[in-house]
Amino acid sequence: MLLWASLLVLAPVRGQLAFPKPVISLHPPWTTVFKGEAVTLTCNASRVHAAENIKRYWWYLGTQTLREIPGNTLKARVSGTYKCQIQGSSPSDGVSLIFSSDLLILQTPHSVFEGDTLTLRCQVKGREKLAAVKYSWNGNVISTSWNSQDLLIPRASLNNSGNYQCIGFLEGNHYTYRSNNRIIKIQELFSRPKLEVTPPQPTEGGPVNLSCQTELRLERSDTLLSFIFFRDPGVMLSNWSRSPEVQLTAIWREDSGSYWCVVAAVVPSIRKHSLPLQVRVQGVPVSGALLETQPQGGRLLAGERLVLVCSVAEGTGDTTFSWHREDTGECLGSKRQRSRRAELEVLAVGGSHAGRYYCMADNGHGLARSAALNVTVTGTWRNRGGLIAAGATGGLLSSLLLAVILWLYRRHQRKSGDGFLGNTARCHTATGPGEAARAGCPVPVELPQLYGKRQVYGNVPPAEGDLVYSEVQVTQLGQEGAGRDAHSSTRPFPSTASSSRTSLEDKHASVVYSAVKTQLPQDSAGEVRSQDEDAMEGYENVQFA
């Protein structure tokens, strides 16, 4: 049991990567110091570790284990590569220290990341002082200082990596001293991003997830990064966000193209672009074409509205729908739209629209045809049109009849002197046998009282409900007959007054009414009613000359 417990304790230390590896920091920050000096190393655990739960730290010099201590610091005085480890993690990255016995050394930091300020210090041993210092990079002098100041390179980039050296001039000494060469490698704060698309071959209409993958160095794990996504040519798919992912709810074939993402660190200001990734959106072929009609069943009356509805069960992108007659081979029309359903409308069907119909759908990835559907049309346009025409004619005749009744009523009012137009004051008619009417003025209308005298055509028996003939005239006197005596009318109508009349030869008569009328009903004594209102009610079909 004790052996098994020991193995459980040592197992994580021997290589299990349950937690991220720790990071070593230096104080002072230089990796090169003079012999006799000391550098304090600190083993920094990641944030996932709780400090109170860490009981032991292990330190290594090269491949040799130095010690196991409860604290996380170590005083180093020997040149070599140092590592540390905590329970549940792998060993840290090594830190190489140089304890030099030279008179002049170049001191550099352990790690420098892009965007940091690179600091170089040229240090002389003991109490000596430098009168002037030169710094070189890859054999080229890049800076000269007469007061031995440090060299600062702000916002270091990967291009600042290389071989550095310093040259010092001691006060009161004409000798020149050169430091050891130090190779400095500027480290990436985060790696160049890589865009990943899921699924790698998306289909039209489906969602797509874009992920901008990058790696942030553990030493700078607290650096804040922002992400943004683009599509060629320069279409921005998102705003700047702390999230490395963005989801497109639906992608279409025209969205195919080059995609990339950008990662930026706010402090320091660094941006990196991913390589472009070509995305090809796959279309889904149409299938399951179906033709339906409105009204359902395809049975219509002539003149009704017919809608042919074509739909597909599957298919993406722009689809071309077309409608066809199976019996004639005729194409009725087509529509192209981004939909799984389209309609073709016939405003009013006739007998020629009866037949078998089908539809087809094509989205460029596949073609689908529906089954044929039978459409029947009952009735004819002529019958429906006749009913409409009859209704319109009846309405027109009713309007004309109403106008005639109003005209006759006003005419009757003028004759009786009660008309509101005052015609008696405007047109003077003849008052006696010797006085002629003024030219251009109408004479009184003659309304033969046929029913009172029982005067009808001889070949028409005067029974109730039979037809008689009546006529209304407007007569004007001619120039020659102004002074003649009146004679009886040559029409087959009896005289209605004892006063003389003007002969028809000297009159200009205009017929304004003629009709075949139904005889008015008789009273109990067998006499026909002769009241004016009864006569007026029987008049129809007035015609204007």
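Note that the structure is a prediction, hence the values are computed from the model and not measured. Every heavy atom of this structure was used, including side-chain atoms; hydrogens, water molecules and symmetry mates were not.
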**Report entry** Side-chain (Trp323) to main-chain (Met360) donor-acceptor, under 3.5 angstrom
**Finding:** no
Query raised in the report: Can a salt bridge be assigned to the pair Lys83 and Asp93 using a cut-off of 4.0 Å between side-chain N and carboxylate O?
Result: no
Report summary line: Rounded to the nearest 0.5 Å, the NZ atom of Lys125 sits from the OG atom of Ser101 at a distance of 6.0 Å
Query - Flag side-chain contact, heavy atom, 4.5 Å: Ser111 against Gln187 - result: yes
Report task. Grab the two heavy atoms, one from Ala265 and one from Phe190, that are nearest each other, plus how far apart they are. Result -> CB-CE2, 3.8 Å
**Report entry** salt bridge (Lys or Arg N to Asp or Glu O under 4.0 Å) evaluation trace for Glu326 with Arg369
**Finding:** CA-CA 12 Å; Glu326 186 179 59; Arg369 170 177 169 166; 3.5 Å; yes
Query raised in the report: Using a distance-only test with no angle check, is there a side-chain donor-acceptor pair under 3.5 angstrom linking Thr81 and Ser96?
Result: yes
Report task. Using a strict 4.0 Å threshold on nitrogen-to-oxygen distance, state whether Arg220 and Glu215 make a salt bridge. Result -> no
Report summary line: Between Arg192 and His273 the two heavy atoms that sit nearest each other are NE-O, 2.9 Å
**Report entry** Derivation and outcome, side chain to side chain contact (heavy atoms under 4.5 Å, CB included), residues Phe34 and Gln123
**Finding:** CA-CA 9 Å; Phe34 292 108; Gln123 188 72 19; 3.6 Å; yes
Query raised in the report: So how far is it from Tyr82 OH to Leu74 CG, rounded to the nearest 0.5 Å?
Result: 7.0 Å
Report task. Check for a donor-acceptor pair, side chain of Ser256 on one end and backbone N or O of Val281 on the other, with a separation under 3.5 Å. Result -> yes
**Report entry** Test item: Leu97 and Leu26 side chains (from C-beta on) under 4.5 Å apart, heavy atoms
**Finding:** yes
Query - Under 3.5 Å: donor-acceptor pair, side chain of Thr203, backbone of Gly283 - result: no
Report task. State whether a side-chain donor-acceptor pair under 3.5 Å links Thr40 with Lys75. Result -> yes
Query raised in the report: Got Arg242 and Ser226 here, is their nearest side-chain heavy-atom distance under 4.5 Å?
Result: yes
Query raised in the report: What pair of heavy atoms forms the shortest contact from Glu114 to Pro268, and how long is it?
Result: O-CG, 3.8 Å
**Report entry** Separation of Leu189 CG from Ile186 CD1 (nearest 0.5 Å)
**Finding:** 12.0 Å
Query - Under 3.5 Å donor-acceptor, Ser92 side chain and Ile24 backbone - result: no
Query - Pair Arg336-Thr320, side chain to side chain donor-acceptor pair (under 3.5 Å): steps then yes or no - result: CA-CA 4 Å; Arg336 182 173 178 83; Thr320 300; 2.9 Å; yes
Query - Distance (rounded to the nearest 0.5 Å) between Leu130 CG and Leu104 CG - result: 6.0 Å
**Report entry** Sidechain-backbone polar pair: Glu292 side chain, Gln296 backbone, donor-acceptor under 3.5 Å
**Finding:** no
Query raised in the report: Within 45° of the six-membered ring axis of Phe113 and under 6.0 Å from that ring's centre, is NZ or CZ of Arg217 located there?
Result: no
Query raised in the report: Below 4.0 angstrom, N of the basic side chain to O of the carboxylate: do Asp327 and Arg356 qualify?
Result: no
Requested in this report: Enter the distance from Leu120:CG to Tyr135:OH here, rounded to the nearest 0.5 Å.
Outcome: 6.5 Å
Query raised in the report: Would a distance-only check, ignoring hydrogens and angles, find a side-chain to backbone donor-acceptor pair under 3.5 Å from Thr249 to Pro207?
Result: no
Report task. Identify the heavy atoms of Val286 and Gly366 that sit nearest to each other, and give their distance. Result -> CG2-O, 3.3 Å
Query raised in the report: Given the rule in the side chain to side chain donor-acceptor pair (under 3.5 Å) test, do Ser25 and His27 qualify, once you have shown the distances and angles that lead to the verdict?
Result: CA-CA 7 Å; Ser25 60; His27 181 75; over 6 Å; no
Query raised in the report: Can you tell if the side chain of Arg155 reaches within under 4.5 Å of the side chain of Ser269, non-hydrogen atoms only?
Result: yes
Query raised in the report: Heavy atoms, side chains only, cut-off 4.5 Å: are Asp362 and Thr319 in contact?
Result: no
Query raised in the report: Under 3.5 Å, side chain of Ser238 to main-chain N/O of Phe229, donor-acceptor pair present?
Result: yes
Requested in this report: Taking all heavy atoms of Trp59 and all of Gly71, pick out the closest pair and write down the distance.
Outcome: NE1-O, 4.4 Å
Requested in this report: Could you check if a side-chain atom of Gln87 sits within less than 4.5 angstrom of a side-chain atom of Trp58, using non-hydrogen atoms only?
Outcome: yes
**Report entry** Spatial distance of atom CG (Asn239) from atom CZ (Phe227) [nearest 0.5 Å]
**Finding:** 15.0 Å
Query raised in the report: Mind checking whether Trp260 and Phe230 have parallel, tilted or perpendicular rings, split at 30° and 60°?
Result: parallel
Report task. Check step by step if side chain to side chain contact (heavy atoms under 4.5 Å, CB included) holds for Arg280 and Gln201. Result -> CA-CA 6 Å; Arg280 293 286 179 259; Gln201 293 183 342; over 6 Å; no
Report task. Please examine the side chains of Asp318 and Gln337, heavy atoms only from C-beta on, and report whether any two atoms are closer than 4.5 Å. Result -> no
Report task. Might you work through the side chain to side chain contact (heavy atoms under 4.5 Å, CB included) test for Thr32 and Leu106, ending with a clear yes or no? Result -> CA-CA 7 Å; Thr32 302; Leu106 175 63; over 6 Å; no
Report task. Mind running side chain to side chain contact (heavy atoms under 4.5 Å, CB included) on Leu300 and Val375 for me, showing each step along the way? Result -> CA-CA 8 Å; Leu300 300 96; Val375 173; 3.9 Å; yes
Query - SB check Lys272 Glu188 (cutoff 4.0 Å) - result: yes
Report task. Write down the atom of Glu343, the atom of Val309, and the distance for their closest heavy-atom approach. Result -> CG-CG2, 4.0 Å
Requested in this report: Taking the side chain as every heavy atom from C-beta outward, state whether Ser89 and Pro20 have any atom pair closer than 4.5 Å.
Outcome: no
Requested in this report: Answer yes or no: is there a donor N or O on one side and an acceptor on the other, between the side chain of Thr316 and the main chain of Val284, under 3.5 Å?
Outcome: yes
Query raised in the report: Is NZ or CZ of Arg325 both nearer than 6.0 Å to the six-membered ring centre of Tyr357 and within 45° of the ring axis?
Result: yes
Query raised in the report: NZ of Lys335: more than 12 outside heavy atoms within 6.0 angstrom?
Result: yes
Query raised in the report: Is the side chain of Gln64 donor-acceptor paired with the backbone N or O of Leu61 at a distance under 3.5 Å, no angle test?
Result: no
Report task. Run the salt-bridge test on Arg338 and Glu254 with the 4.0 Å N-O cut-off and return the result as yes or no. Result -> yes
Query raised in the report: Would Asp102 and Arg178 pass as an ion pair if we require N to O under 4.0 Å?
Result: no
Report task. Determine whether the side chains of Asn209 and Gln247 contain a donor N or O and an acceptor N or O closer than 3.5 Å. Result -> no
Query raised in the report: Any side-chain donor-acceptor pair under 3.5 Å between Tyr60 and Gln85?
Result: yes
Requested in this report: Check for a donor-acceptor pair, side chain of Ser211 on one end and backbone N or O of Gln213 on the other, with a separation under 3.5 Å.
Outcome: no
